[in-house]
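Remarks on the structure that follows.
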Amino acid sequence: MNDSPHIGHAYTSLACDVLARFMRLDGRDVMFLTGTDEHGQKVQKSAIAAGMEPQDFVDQVSERFRALGGVMGYSNDDFIRTTEDRHTRSCQELWRRIKANGHIYLDKYAGWYSVRDEAFCTEAEVTDGPGGGKVTVADGSPVEWVEEPSYFFRLSDWQEPLLEFYEKYPQAVAPESRRNEVISFVSSGLNDLSISRASLKWGIPVPDAPDHTMYVWLDALTNYISAAGFPDTECDTWRTYWPADLHMVGKDILRFHTVYWPAFLMAAGVEPPTRVFAHGWWTNEGQKMSKSLGNVIDPHQIVARYGLDAVRYFLLRALPFGSDGDFSHRAIVGRMNDDLANDYGNLAQRVLTMAYRNCGAAVPQPGAFTASDEALLGAAETLVSTVRADIGEQGFHRALIHIWEVVGQANRYVDEQAPWVLRKEDPARMATVLYVVMETLRHLAVLTQAFMPDSSGRMLDQLGVAADARELAALGADGRLAPGTPLPKPKPVFPRFVEDSPDS
RNA sequence: GGCGGGGUAGCUCAGUCGGUAGAGCAGUGGAAUCAUAAUCCAUGGGUCGGGGGUUCGAGUCCCUCCCCCGCUACCA
């Protein structure tokens, strides 16, 4: 972390947030962790470039990441910084255990290091750069020659155990295509990994060898167990939450999380996390985002422009989770207006307004349900198990598609039943119809809470659903809306996005 | 070079065990008028990247070629 957060950072934690919120609504005990990794040469260089001391620099940048959580509405339980004491203790203990188990040895490193990638490179991975220096073949990052004493991790010993691990836990790397990549990489053989730098000061000192600083990825990855309480493996958080059920990462850091990290942990005798999900990257209006192009999307700006819940919805609905995607104005406006305002928001508005005006501003009293009524209610009540399964495998976009199938079904039901006709001809039947849709809306709003907490909460307010009756357990026939419950005057929940007129 | 994933309606994409192509958006026509002019219905003659093959029949299996993306390797 050496700069301000952008949409990619926001996306990673957003997915975690939706998952965490959904699990909590489902009665699960969740620990949702995020934070900042603050060590290494890259950070040190950025600090110098900014004319600051490293600590002051990371204080500032970390604060921006913490603030992002407020802007995006994250419900994280902890926020860890790798410059905290708890993390230093944890890292050094992890090192000691790996070393005590015989997996670390001292040697000399002579080779290339990419500061930008924070990775060591083989001779084959570098080439002559345009400016005369050497750069990586992969993305042209400058590399520098490093020749110094270094501690090494015997990664080469972990090829078989890792392959067995992937075999034993088929879900350990997702999506499937990433799992293939990782297995293919590990199968091709692993080299021992340099895990300390003698020439770097901004980092965690190696135990009993203070002139060495720990490799930034060994340091950074360890944050997960630091926050879980390591090395105190008797504490509640550790016993409850480790091994982690999921690490959510961008595809650029897949290897660190699925090869190095489980190997480090196994070498220390600690159980590795059971799943790592690598999500894709965003482009901006079809273009790769980069600082030099100046088209990096700032989460603050899009939230200010479109609203938080619209952004949250769009990011998770626009593409299959795991794929790359494009953020475009046209696309997000389409989702806002079509899915949110027209289909979902207007469904609520049209029905709530009728109930408010024609049923004494209260939840209507339903009569006997017809087959049509039962069909819609059944679809709504079945939804929870579908969505639970989707989210359980991080299929966020599938979950939303399934929810919106019921939104569409409800709109068709309203048109077929035509409660505005029933109002004159059969008010009792109208009350039943309105009740059925409101009960459907209750299910929809409860399920969309994880994605759009604020809007969904307002919709539940308008349905007269009590604050303590909004968990998944309240879904189904047992938790149905109580007829006679007073309703507030309906207000649109999802605003349409109206373009500024070009001549104004 | 190897491995993996793709190339399907104007756009974004679905297409299970092979049976003569689907959704959403956009467009067109209509219905309705409760509602955020929001909804609903009807309407999609696309060589399913090219070519060849298997089959009674292939986006859907096999071969080959082209293009895109990812991982990985190599460059005497």
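In this text, all values refer to a predicted model and were calculated from it rather than measured experimentally. The sequence lines fix the lettering, A, B, ..., with proteins before strands; numbering per chain opens at 1. Below, all heavy atoms of this structure are taken into account, side chains as well, without hydrogens, waters or symmetry copies.
Heavy-atom distances under 4.0 Å link RNA chain B to no residue of residues 364-399 of chain A.
If you take atom P in B:G27 and the same atom in B:G18, they sit 39 Å apart, rounded to whole Å. The same atom, C1', is picked in B:C41 and in B:U33; the two are 15 Å apart, to the nearest Å. Atom name P, nucleotides B:G19 and B:C62: the rounded distance is 15 Å, in whole Å. Going from the P atom of B:U16 to that of B:G5 covers 14 Å, rounded to whole Å.
Note on residues 371-383 of chain A: pairs passing salt bridge (charged side-chain N to carboxylate O under 4.0 Å, His left out), not counting sequence neighbours, are A:Asp373-A:Arg429, A:Glu381-A:Arg480. Applying the salt bridge (charged side-chain N to carboxylate O under 4.0 Å, His left out) definition to pairs two or more places apart or across chains, those involving residues 312-321 of chain A are A:Asp17-A:Arg312. Each salt bridge (charged side-chain N to carboxylate O under 4.0 Å, His left out) pair with one or both residues in residues 343-352 of chain A, not counting sequence neighbours, appears once here: A:Arg350-A:Asp415.
For A:His6, the ring pair (Phe, Tyr, Trp, His ring centres under 6.0 Å) test picks out A:His9, with sequence neighbours left out. In this structure A:Phe497 satisfies the ring pair (Phe, Tyr, Trp, His ring centres under 6.0 Å) test together with A:Tyr306, A:His329, sequence neighbours excluded. Checked against side chain to side chain donor-acceptor pair (under 3.5 Å), A:Glu147 has the following partners two or more places apart in sequence or in another chain: A:Trp145. By the ring pair (Phe, Tyr, Trp, His ring centres under 6.0 Å) test, A:Tyr11 pairs with A:His279, A:Trp282, A:Phe321, sequence neighbours left out. Partners of A:Thr283 under the side chain to side chain donor-acceptor pair (under 3.5 Å) rule, at least two apart in sequence or in another chain, are A:Asp326. For A:Trp404, the ring pair (Phe, Tyr, Trp, His ring centres under 6.0 Å) partners two or more places apart in sequence, or in a different chain, are A:Tyr313, A:Tyr344.
For A:Ser156 and A:Asp192, the side-chain atoms include at least one donor-acceptor pair closer than 3.5 Å.
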Legend entry - Per-nucleotide protein contact string for nucleotides 26-41 of chain B (B base, S sugar-phosphate only, - none; heavy atom under 4.0 Å): ------SSBBB-BBSS
With 3.5 Å as the limit, what N/O pairs link the protein to nucleotides 67-70 of chain B?
{"unit_1": "B:G70", "atom_1": "O2'", "unit_2": "A:Arg178", "atom_2": "NH1", "d": "3.2"}
{"unit_1": "B:G70", "atom_1": "O2'", "unit_2": "A:Glu181", "atom_2": "OE2", "d": "2.5"}

